[in-house]
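Notes follow once the structure below has been shown.
For reference, positions follow the sequence shown, starting with 1. All ligand and atom numbering here is 1-based and tracks the order in the structure.
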Amino acid sequence: MALEIVCANCDSDDHLSGEPLDDGQIRLTCAACRIEWIRDPRPRCPKCGGEDLYHIPQVILEKSRGTQMSIQGIHIEYGCHDCDPPEVKVRGGRTTHLPDRLGGSQ
Ligand SMILES: [Zn+2]
Ligand SMILES: [Zn+2]
């Protein structure tokens, strides 16, 4: 098994431990960041059933008082190369680009 798993927060696998769950998924824990998340070892696209997916790890932060951001966990989203091609792989057609943020206003 050559699964490349790193913590989406600290980008390291030094402190990771995995624990298989009943439904075939893996619960990963990063001891350094003290967060845990669930990883599906064989994710499938719900639209086309394909396995050609890419990962979009989202670090879930929660603002606590002051300036500290505390990490709540990691949510892994999956994109399908066929149904939701990543922007770099757009070919031919039109891309829907949001205008660059000018900053300041929101
Ligand atoms: Zn970590
Ligand atoms: Zn798909």
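A donor-acceptor pair under 3.5 Å is absent between the side-chain atoms of T29 and the main chain of E36, judged by distance alone.
Relative orientation of the Y54 and H81 rings is tilted, given thresholds of 30° and 60° on the angle between their planes.
The number of protein N/O/S atoms found under 2.8 Å from the Zn ion (ligand 2) is 4.
The nearest pair of heavy atoms linking S12 to D14 is OG-N, 2.9 Å. A pairwise comparison of heavy atoms in C7 and C10 identifies SG-N, 3.4 Å as the closest pair. For W37 against L16, the heavy-atom pair with the smallest separation is CH2-CD2, 3.6 Å. Across every non-hydrogen atom of I74 and P57, the tightest pair is CG2-CB, 4.4 Å.
Note that CD1 of I35 is 4.5 Å distant from CG of N9, once rounded to the nearest 0.5 Å. The structure places CZ of R27 at 4.5 Å from CD of E19, a figure rounded to the nearest 0.5 Å.
A salt bridge links K47 with D84: at least one charged nitrogen is closer than 4.0 Å to a carboxylate oxygen.
Inside a sphere of radius 2.8 Å centred on the Zn ion (ligand 1), the protein N/O/S atoms present are C7 SG, C10 SG, C30 SG, C33 SG.
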